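None of these values were measured; they are calculated from a predicted model. In the text below, chain A, chain B and the rest are named by the order of the sequence lines, each starting its count at 1.
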Amino acid sequence: MADILSLEGVSIEHRGRRGVSRILDGVDLSIAPGEAVGLVGESGCGKSTVALAAMRYLPRGMAISAGRVLFEGRDLAAMDEGELRRLRGRRIAMVYQDPMSSLNPVMTIGRQLVEVPMLHGERDAARARDRAIAMLREVRLADAEATMERYPHQLSGGQQQRVVIAMALMAEPSLLVMDEPTTGLDVTIEAAILELVRDLRARFGTAILFISHNLGTVARLCDRVGVLYAGRLVETGGVREVFRAPAHPYTRGLLDALPDLDRPRGGARLAPIAGTLVAEDRARPGCAFLPRCPHAAPAACGAGAIALAEAGGAGHLARCARLGELPARMAAATDAAAQAEEGPVLLEARGVGKWYEVGGGMSGKPRRVIRALTDASLEARRGGTLAIVGESGSGKSTFARVVAGLAGEARGALSLAGEPLSGGVDSRPRELLRRVQMVFQNPDSTLNPSHSVGYALMRPLRRLRGLGAEEARQEAARLMARVQLPAELAERRPWQLSGGQRQRVAIARALAGDPDLLVADEPVSALDVSVQAAIVNLLADLLAGSDMALVLISHDLALVRHMADRVAVMYLGRVVEYGPAAQVFAPPWHPYTEALLAAAPRPDPDAPPPEIVLAGPMPSPAEEIRGCVFASRCPRRMEGICDTLAPPERVFGAHRIACHLELAAPG
Amino acid sequence: MIARAAATVALLGRSPVGCLGAAIVLFWAAMGILAPWLAPYPPNRIDPALIAYPYPTAANWLGVDQLGRDILSRLMWGARTVLTVAPAAVLGAAALGTLLGLVAGYKGGAVDSILMRVGDTLLAFPKIILYLIVIARFGASAFNIIAVVTVTQAPIIARIVRAVTLDVKNRDYVAAARMRGEPTWFVLLAEILPNARGPLVVDFFLRLGYTVIAIGVLGFLGIGLPPPDPDWGSMIKESYGTIFVWPHMTLIPALAVSSLVIGFNFLATGLREASEDG
Amino acid sequence: MARYLLRQSLNILLTLLAVTFLVFALNELTPGDVARKLLGPYATQEQVDHLFREMGLDRPLLVRYAEYVGNVLRGDLGTSVIYRQPVADVLLDRLGNTLLLAAICFAVIVPLSVALGVLAGMRERSPLDRGISVFASICASIPEFAMGVFMLAIFVVWLGVLPGTSPMRATAEWPVWMQFVLPVAVVTLYDAGYLVSMIRASMVEVMRQPFVRTAVLKGMPFHRVVTRHAMRNALITPFTVILLQLNYLVSGLVVVETLFAYPGFGRMMLEAALAKDIAVVEAGALVAVTVTMLTQLLGDLGYMKLDPRIRI
């Protein structure tokens, strides 16, 4: 059967004021009817450009310089505007990253949905409306009729993405292009959306081009996968072959860099890919991955164009000059190293909470209380890592900011090595400031664009340790060496650094005062997988052999399992489960922990689909909840108990679970 | 800092509109600065004999006005006046507005509400009416004009700086600065303010243009800088009655003031494009 | 909603009080001037002092302000020194003329600026955009008095096809409607120049939003993407500014009125300010601020209508 979409040697160039750069380089890709093909790669690999090329909607300045994009055998470039319009929305539809901004904020959902059939030949407005309501039911939105009258901002992120999917399926297209459709959504919402897409695909038989940086989501959804690097397709094949027996060193690197959710911590190190993708790599005549490849042989790899070659199973191809000579894939480092013994308690939180009042006063809005964090009792030990995991709105970042002193006065009692750690940064003495430091999430905003790297490091040295200018300069150089940054970066500004380098600077800055407690709020979540691993290893190295304690805030369970000694699971401002990592990751579980574990995407095509998919959104932190905070979404809710009574704390040694269920102690 | 300024100039060089604007502004600046040496006649020298033939001649390149004063000399001295008063007023407004905007944005709460409320009230008051009341009450002088422009424009600049402050104060690098115990003034001036530089510079040149217009309007209405010092607005007002007989006396200063404002606006456009592409 | 309106009304009232008090205090801090001015330079100091007491000017400022507010509430705005008639009469007459001119200008400016702004902003940096932007930028850069001079030179002095003054009386040569052409043209060019740039910038911003891409990739023709999806979003930010033009059109027309000898509100204020006719200045300020506050309220309400995300 003819392919729905095929790219034949497509190259795309961008012409700007800074000259011409090649975004895609000879990409071949085809999708058969009903097939789901994934395209993975890190930022800058050109995967979104493929999506836009499939709709012939390239950004200004970009053009196809070679090759053809065929839809059902017809060259998109040869179509006139009218033909293209009849194709878009009807035969090919797209689902985007960031559903909020993809929907028109001033039009009701209903109008935006009804537009699709009305644009493609439907004359009867009532019939279009009925179809829209039916489609909203298909994507399992409760109360479809009411949703029609709502505006996008009145829906949650997960609901918005369901609306976008409904809009894409309105005309029952034969190809659905999904560009990072679950990026930015919480993991339980992501799991629900992926299940929905799997289900709809089975019902409608739509072919899917699924673009993602997340190997786990591709593994869960796709039949075949292509791996892009610097605009070139470096490996392609059946999802099972590629994930089980990756042939290209880059694909191997991507898979090896990921922490494994199903393997406990034990001193194992992640395997990062060295370096980062730079602009020159795109123009490299041989392999673009050469400078970062552990197996590179400059003579063979840098000589000239390398063709895709057979790499094992049927249809499994890889673009590597040393394909036959590569050593077998190493089994990941063993768990030989014994787990380091944790030291005495450093940070102790007892009943810590943070409530904000909003509205009231001159704003004219009713006064409400936002319960960002309630009654958290946790401790972090010297030489150990306390990880706090949960979805957005769980209160994990609030806890970090309370500890760091950025959230002002909080409820409850916090102490650092027995001394009270109260109040905000403005009231903490300098010595206390020095002892608690923080690493932030976003590498784009962690450093001031107006200051050089050297200045960013010297300033805390001078303030917190009282060093003179010359001493601070030398100490800054030493700090940079400690986080493995070359000394010449000291003169650079943040925008001249890569994301990974910026995050290293941020870590060095936090270490400048030689702190006792390091709080890291999602330190790697904005980084590419290959860079993430290096930062995780760096943090592990810094902790090893020091008596510093780390409080790690993360939404990524696999990362938490890799790094943490103790884990707290939070939901809607409350700690629902807390204990040593080994016990939290083994039953009995709080139902929310169980759902999180089930929802976490695994880069394994044979992983069973999650048994539990949470429905509905998280309630607002402004709502006053009488029973268990998780009751509204809990699959094991007991009516009349969970939604009315606060849950008791069930204690299994050091392991605590707040739940009404009679959980059995581990046998 | 210098490297950055040089980079901005280089970027500006790529915008034809920006280059044109810079050239016009530089031309008038040179005229103003060099007026004492370049102007062919004293600006207020009255020569009734010349009124018989007031048009451009070899002796008076742009002709003379209704009192027989050399128009070119008056234009050059007028440039000197407007290019002193306007920047002084805008700098005053920028200093006051920046301070208020930083404090309002960073402190938030009641301080913010009160400052913004006062600013809004000031903005709500029709500017021209305010000028009329103040100038009529306190008299027309360069200082009064600078003061009234400073006070009326500061709230707008305060809004710009406040918006940047509200955005930047929640960035992680500000949190990092607070975590090492930096005092508030350092956070405001060293961490936040540099990030407002781009929008402030563009706004500065736009505002210079508006201020040139405002000074011209005051002169045209007869409440500008006191005579006989040459001021483009009053040149137009004084010769306006004779436009049917000697149109060049009115048209030349009108062209001068328009070109200077266009210069400032083009310069601002060029700078904005440079910062967007940079 | 009711709560919001109540709060806003209170707000307006307070601002009005504050502003009128400031103007009152500014003008009447040195009340001796008033008596002197009324009597002229030949009166003796004794006569001045007598009138001063007669008029009650020796009482505290707050008392006189309270009295003034009382009078205003009864509709008594005082008597104008220069026009030698009740302020209310002069004011109504002049305000009527200005409102007529302002209404015509507004009716021309808004559709013109919206059309040009949207056309320029829908395709950023296209030749059409470049053309409209430069034209708008130049228009906004030429002060009204200069624009007036240029137009007068061309259409009156050189071509002789339009009247140079607009006294609002039919003259032998020119009917009244022709007297409106030049004032309206000058105001429109200057003001629309500013509005077009503003609407263009907003439109450019909206056209970069992902929801515009969504609309195009639904298969929607470009002109409908612009009119259905982009335009309403692009008008949200400029809406308040558009309404604020009403404010400018009432108070800011003084230059055009002076240029064309149009008997309007602005010129009355200018003449009164120059002659220190305090009663007129105070009444005028009251009117100007009231207009401003009302347009702001109108702006807020319209804003909410345009943007469903704003709720009060």
Side-chain angles (χ1 to χ4, degrees), chain A residues 16-18 361-363 400-401 403-408 424-451 455-465 491 493-495 502-503 505-506 509-510 512-513 515 519 521-523, chain B residues 1 3-5 7 10-16 104 106-118 120 164-165 167-201 273-278:
Chain A
R17 291 187 171 188
R18 302 214 168 107
M362 283 165 92
S363 74
R401 296 180 74 82
V403 171
L406 293 170
V425 280
D426 301 323
S427 62
R428 287 186 185 176
R430 184 157 304 179
E431 176 59 14
L432 206 53
L433 289 176
R434 184 190 69 72
R435 293 176 65 185
V436 181
Q437 282 293 317
M438 184 153 172
V439 178
F440 301 92
Q441 170 177 11
N442 187 345
D444 295 330
S445 83
T446 198
L447 299 177
N448 194 331
S450 318
H451 299 322
Y455 184 87
L457 294 180
M458 281 161 63
R459 194 73 204 169
L461 287 167
R462 303 193 62 173
R463 298 251 354 143
L464 295 175
R465 289 183 30 202
E491 301 303 317
R493 298 293 175 113
W495 75 84
R502 271 177 253 171
Q503 211 55 331
V505 176
R509 177 179 63 190
V519 181
D521 188 359
E522 302 270 10
Chain B
M1 192 66 210
R4 246 200 178 200
L11 277 170
L12 186 62
R14 286 213 299 251
S15 157
Y106 191 69
K107 288 285 171 197
V111 177
D112 184 29
S113 303
I114 292 168
L115 283 178
M116 285 300 116
R117 190 82 239 129
V118 173
D120 281 350
V164 173
T165 308
D167 174 21
V168 170
K169 80 167 178 180
N170 292 322
R171 301 271 172 96
D172 295 336
Y173 53 79
V174 172
R178 293 176 59 211
M179 288 194 70
R180 57 176 190 258
E182 299 284 7
T184 304
W185 67 263
F186 181 90
V187 172
L188 290 181
L189 297 184
E191 299 284 344
I192 296 179
L193 186 57
N195 295 293
R197 186 171 40 203
L200 275 185
V201 167
E273 282 179 9
S275 67
E276 274 172 11
D277 297 345

Quiz item: What part of A/Leu447 lies closer than 4.5 angstrom to a heavy atom of chain B: side chain, backbone, both or neither?
Solution: backbone
Quiz item: About how many Å separate CG of A/Asp426 and CZ of B/Arg178, when rounded to the nearest 0.5 Å?
Solution: 5.0 Å
Quiz item: Do you know the tightest heavy-atom contact between B/Ala175 and A/Phe440?
Solution: CB-CZ, 3.6 Å
Self-check item: Closest contact, heavy atoms only, B/Asn195 versus A/Ser450
Solution: OD1-OG, 3.6 Å
Exercise. Could you tell me whether the side chain of A/Asn448 and the main chain of B/Glu191 form a donor-acceptor pair under 3.5 Å?
Key: yes
Self-check item: Side chain proximity check, B/Arg180 to A/Arg462, heavy atoms < 4.5 angstrom
Solution: no
Quiz item: Which pair of non-hydrogen atoms, one from A/Asn442 and one from B/Asp172, has the smallest distance, and what is that distance?
Solution: N-OD2, 3.8 Å
Quiz item: Within 45° of the axis and under 6.0 Å from the centre of the six-membered ring of B/Phe186, does NZ or CZ of A/Arg459 qualify?
Solution: yes
Self-check item: Which atom of B/Ala190 lies closest to which atom of A/His451, heavy atoms considered
Solution: O-NE2, 3.0 Å
Exercise. Would you mind telling me which of A/Gly405, A/Gly513, A/Ala404 has the largest number of heavy-atom pairs within less than 4.5 Å of chain B?
Key: A/Ala404
Quiz item: A/Arg463 and B/Pro183: which non-hydrogen atoms are nearest, and at how many Å?
Solution: NH1-CD, 3.8 Å
